[in-house]
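Just follow the structure's listing: the first ligand is 1, and inside any ligand the first atom is 1.
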Amino acid sequence: MKPTGYYTHPVCWKHEMGAGHPECPERLSAIEDRLLITGVGDALERREPTPASVAELELAHGRMHVAALRGLHDELREEIAAGGPSHAQLDPDTSINLHTWEAALLSAGAALNATDAVLAGELENAFCAVRPPGHHACRDKAMGFCFFNNVAVAAKYAVERHGLQRVAIIDFDVHHGNGTEDIVAGDDRILMCSFYQHPFYPEWNHSGAANLVNMPVSAYTKGMDIRELIDMTWLPRLEAHRPEMVFISAGFDAHREDDMGQLGLVEQDYVWITQQIKQVAQRHAQGRIVSVLEGGYNLSALARSVEAHLRVLADV
Ligand SMILES: [Zn+2]
């Protein structure tokens, strides 16, 4: 079996949104530490991503959105040089520092590089331990800790640049991937399957498009119930779609120890979910999976859950 790729970059640690913000660089350190002490990291092929190009970002985002973030970055750099504040605020939850632009390009770039390497047959599958995350980033709007939609950019890239006819996006973050829905709704080449706590952040308007398998669940739903719902809703649709590649918006904030949400998943549930995705990928996609980190804010639960996810992907 070919190796599982592990994409990360030092600049992903340098993006931060202020003291005490839950989407913090320590999340990546917790994952690294866990992979080191468990030895799982030894089974992975570490790679450093290259930044996504503006043209690649524009596969999923409007030209003005990309240009506006670039402009905000340049403005902030000038203000900092003139003694101004270190952050520029986009919304109450989301701000940029001097490294955000580069980190955002590298995070999207990781998903693209992983897509290239998996499609080239160099890697069996890949996990991108990157931040900022992406699944709340809409075509024309940054929000909810997200700037560019890493997974949606990669899915569009797989169909537009690699010519794949059918791909799937699985989103198991506790929050709905409203940005991904915004970008892929109505594109029948891309099937998006997700569950998410509802009612909850974010508020958005359902597109009702046929390529979306949305599975809202109430607070305090446990892993066994989620598994049953996945079995009944996602899996038949995935079988029918026969994706040639599977992307994962891998958020781990549905873990029961994660206070950001109120769902009751544990590591074994992430093992089960990853196994189901892997089986779909093996049946239809030559095993090709690119998984990209989204949420997960309890550092211990995040690290254990990523380990569990990677053990299935890398078969260790
Ligand atoms: Zn989340």
Please confirm whether R47 makes a cation-pi placement over Y6, using NZ or CZ under 6.0 Å from the six-membered ring centre and within 45° of the ring normal.
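Cation-pi check for R47 and Y6: fails.
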For D258 and H255, indicate whether the former's side chain and the latter's backbone hold a donor-acceptor pair under 3.5 Å.
no
Got an N, O or S from E294 under 2.8 Å of the Zn ion (ligand 1)?
no
Below 2.8 Å, any N, O or S contact between H175 and the Zn ion (ligand 1)?
yes
Write out all pairs satisfying salt bridge (charged side-chain N to carboxylate O under 4.0 Å, His left out) with one or both partners inside residues 290-311, taking only residues at least two apart or from two chains.
R34-E307, E257-R304, E267-R304, E307-R311
Restricting to N, O or S atoms of D253, which is nearest to the Zn ion (ligand 1)?
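Result for D253 and the Zn ion (ligand 1): OD2.
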For the Zn ion (ligand 1), which N, O or S atom of D173 is at the shortest distance?
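It is OD1 of D173.
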H61: ring pair (Phe, Tyr, Trp, His ring centres under 6.0 Å) partners, not counting sequence neighbours
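Here the qualifying residues are H65, F148.
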